[in-house]
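Lettering of chains follows the sequences in order, A, B, ..., and the numbering in each one begins at 1. Since the model is a prediction, treat every value here as computed from it, not as a measurement.
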2 protein chains.
Amino acid sequence: MLKDETIAVPQKCGDCPIRHKAVCARCEPQELEQLEQIKYYRKFEAGQTVIWAGDRMDFVGSVVTGIASLTQTMEDGRTQMVGLLLPSDFVGRPGRDGAVYNVVATTDLVMCCFRKKPFEDMMVITPHIAHRLLQMTLDELDAAREWMLVLGRKTAREKIASLLSIVARRDAALRQMGMAGPLVFDLPLTREAMADYLGLTLETVSRQISALKRDGVIELAGKRHVTVPDFLRLMEEAGDDSDGGMPA
Amino acid sequence: MLKDETIAVPQKCGDCPIRHKAVCARCEPQELEQLEQIKYYRKFEAGQTVIWAGDRMDFVGSVVTGIASLTQTMEDGRTQMVGLLLPSDFVGRPGRDGAVYNVVATTDLVMCCFRKKPFEDMMVITPHIAHRLLQMTLDELDAAREWMLVLGRKTAREKIASLLSIVARRDAALRQMGMAGPLVFDLPLTREAMADYLGLTLETVSRQISALKRDGVIELAGKRHVTVPDFLRLMEEAGDDSDGGMPA
DNA sequence: TCGCGCGTTTGATCTAAGTCAAAGATATGT
DNA sequence: ACATATCTTTGACTTAGATCAAACGCGCGA
């Protein structure tokens, strides 16, 4: 069913596009070597499910390229995205056997995985990996709580603006540029995925994007290519105070 | 401004009502002794703010008795509760200086605190505290994500039922009883606090509680004392599949 | 005991977002 | 180039929950 493909390991950890920032930013050379030995890549096509909620999950890993999402679904089909995994984001919980959420490749996706057992063993003898993982989890927790405000209290327009500003920020951060001047990026989500993340319907998402375009907050080339002429304006639309919304 | 009161330490850690399950469930005697030395209690009255978002936070701790809540507020006053802290829940983030959210005593509250610096030092030399903290943080993250589904996709009635079932479950867990038979507990939140947690208005909360009462899902004695004759029925109303919604 | 304040309930009305439906765009494969 | 499928936009209408407003109940101090 899953047409994923475990691909050969072509490079050392240090050559990895994101250099495993997520896990081994501060690892010693011999620790990196150990990580090498339990590392492998997996590739998924857009739309494929990486893991089903409830499945046994025998690896942890991080996104190298592409976008994955964590989703929950109720029996009647209502679904809520509970996490958006962009390059360098970490997936999996050391110490837990089963996946709690569906992990779905939203675009074509490459993940760098570590087999869980050896990874956990390594955590035990390498305290700063555990420490780093705690910090990452705290960041995720902050992001989740920030998103609770979006879901619980923001209007549809504010929700869209919030999502755009997260993606814009993450995109800018990846390219190590400041966020002054016009920001240009590709929106990696369908209207439906956006709706699932924002707790809206796709029609409402579409209408609000049209409205933001009409009001000059964003410009669109095609359906996905977005230009933000004034980032502060976008932040205002998101209802965030000027210091900037999302932590993670 | 804060009329909190650091109260004398009357007992050893082991005598503490909740025995610091949160932190030291698996500590060795000498480790417990160390925790003793950096421990102190703080008492707050209902309504008091424990910490303002942005304030420096020089302690971590856990709730001993009472309820605290984590809230976020937008400039225009809209507020969203992002966490409900019941006895034994942990507050504070090792490695972080500032509080990200307001922590408010929802009822009279006693907290057991540890000064942050020594606590962090202890984490470094006591790996299983760090490990335990990671597990707790992962639990909180699951709970936050579960709540995202509530906020994003559930109806008002389902939201109320979800909240009731969390409180009922936590209450039952505290008293170490199974969750068969009628469940009785006191709702520790005002309608307004419930509204802030659920992303609703207090009027809607009130109406839905009346409706659940009318439909026999719950019984009320006074405004706060709740009886749940059939917990599974409540779970259905919450829209959770039978296995049970909240992890944490 | 009364009056005040706070939390709560209930009612009438409004509106943002959902639902249902159809028609444009864009891409994909033959 | 054309047919098919997917994603997106837009329109008309409905509705769940918000808003505005009034009244209820209960504890508490004077």
Side-chain angles (χ1 to χ4, degrees), chain A residues 45-48 67 74 76-80 106-108 150-164 186-215 218-226 237 239, chain B residues 45-47 67 74 76-80 104 106-108 150-164 186-215 218-226 237 239:
Chain A
E45 285 172 19
Q48 274 190 285
I67 312 273
M74 296 170 69
D76 62 8
R78 282 177 281 176
T79 95
Q80 176 65 49
T106 293
T107 63
D108 288 349
V150 173
L151 292 173
R153 293 301 187 192
K154 290 194 179 179
T155 64
R157 173 184 265 242
E158 289 169 334
K159 285 178 174 184
I160 299 288
S162 298
L163 176 57
L164 291 176
D186 281 305
L187 200 49
L189 300 172
T190 65
R191 303 287 121 113
E192 187 181 27
M194 294 174 72
D196 284 342
Y197 199 24
L198 297 169
L200 298 170
T201 59
L202 63 105
E203 293 95 329
T204 298
V205 169
S206 180
R207 276 186 250 270
Q208 294 299 335
I209 288 182
S210 299
L212 288 173
K213 187 170 71 173
R214 177 166 20 78
D215 299 345
I218 58 173
E219 289 151 28
L220 283 185
K223 272 57 175 92
R224 300 290 193 82
H225 194 76
V226 181
E237 292 287 354
Chain B
E45 286 171 20
I67 313 272
M74 296 170 67
D76 62 8
R78 282 176 282 177
T79 94
Q80 177 65 50
V104 182
T106 294
T107 64
D108 288 349
V150 173
L151 291 173
R153 292 302 187 190
K154 290 193 179 180
T155 64
R157 172 184 263 241
E158 288 170 333
K159 285 178 175 183
I160 299 288
S162 298
L163 176 57
L164 291 175
D186 282 304
L187 200 48
L189 301 173
T190 65
R191 301 289 121 111
E192 188 181 25
M194 295 173 71
D196 283 343
Y197 200 22
L198 297 168
L200 298 170
T201 60
L202 63 101
E203 293 96 327
T204 299
V205 170
S206 180
R207 276 186 250 270
Q208 294 298 336
I209 287 182
S210 300
L212 288 172
K213 187 169 71 174
R214 177 166 22 77
D215 299 344
I218 58 173
E219 289 152 29
L220 283 185
K223 271 67 174 80
R224 301 289 193 84
H225 194 74
V226 182
E237 293 287 354

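Put simply, CG on A:Asp196 is 16 Å from C1' on C:dA17, counting in whole angstrom units. Rounding to whole angstrom units, CG of residue B:Leu189 and C1' of C:dT8 are separated by 15 Å. In this structure, A:Arg153 atom CZ and C:dA17 atom P are separated by 13 Å, rounded to whole Å. Between the CG atom of B:Leu187 and the C1' atom of C:dT8 there is a distance of 13 Å, rounded to whole Å.
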Interface polar pairs with nucleotides 3-7 of chain C, N/O, under 3.5 angstrom:
none

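Annotation: side chain to side chain donor-acceptor pair (under 3.5 Å) contacts of B:Ser206 (sequence neighbours excluded): none. Remark: A:Ala211 engages A:Arg157, A:Gln208, A:Arg214 in a side chain to side chain contact (heavy atoms under 4.5 Å, CB included) (not counting sequence neighbours). Legend: residues meeting side chain to side chain donor-acceptor pair (under 3.5 Å) with A:Thr155, ordered by chain and number and at least two apart, are A:Glu158. Applying the salt bridge (Lys or Arg N to Asp or Glu O under 4.0 Å) rule to B:Lys159 yields no partners; only residues at least two apart in sequence or on another chain are considered. Listed by chain and residue number, B:Ser69 satisfy the side chain to side chain donor-acceptor pair (under 3.5 Å) test with B:Thr106 (two or more places apart in sequence, or in another chain). Residues satisfying the side chain to side chain donor-acceptor pair (under 3.5 Å) test with A:Thr107, not counting sequence neighbours, are none.
In the region residues 202-212 of chain A, proximity to DNA chain D at under 4.0 angstrom, judged on heavy atoms, holds for A:Leu202, A:Glu203, A:Ser206, A:Arg207, A:Ser210.
Taking each heavy atom of A:Ala156 and A:Thr204 in turn, the nearest pair found is CB-CG2, 3.7 Å. Across all non-hydrogen atoms, the minimal contact from B:Leu212 to B:Ala161 is CD1-N, 4.4 Å. Among all heavy-atom pairs drawn from A:Ile160 and A:Ile209, the shortest one is CG2-CG1, 3.9 Å.
Residue-level contact check: B:Gly47 touches neither bases nor backbone, having no heavy atom under 4.0 Å from any strand.
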- Steps toward side chain to side chain contact (heavy atoms under 4.5 Å, CB included) verdict (B:Met194, B:Leu163): CA-CA 8 Å; B:Met194 295 173 71; B:Leu163 176 57; 3.7 Å; yes

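You'll find the side chain of A:Val150 stays beyond 4.5 Å of the side chain of B:Leu151, heavy atoms only.
With the nearest nucleotide of DNA chain D identified for both A:Leu220 and B:Thr201, A:Leu220 has the one nearer the 5' end.
Screening residues 186-203 of chain B for salt bridge (charged side-chain N to carboxylate O under 4.0 Å, His left out), with sequence neighbours left out, gives A:Arg153-B:Asp196.
End-to-end axis angle of the helix from C:dT1-D:dA30 to C:dT30-D:dA1, from C1' rotation axes over five pairs per end: 30° (rounded to 10 degrees).
The backbone N or O of A:Glu45 sits nowhere less than 3.5 Å from a side-chain atom of A:Asp108 that would complete a donor-acceptor pair.
Chain A approaches DNA chain D within less than 4.0 angstrom (heavy atoms of the protein), and the contacting nucleotides run 5' to 3' from D:dT8 to D:dA12.
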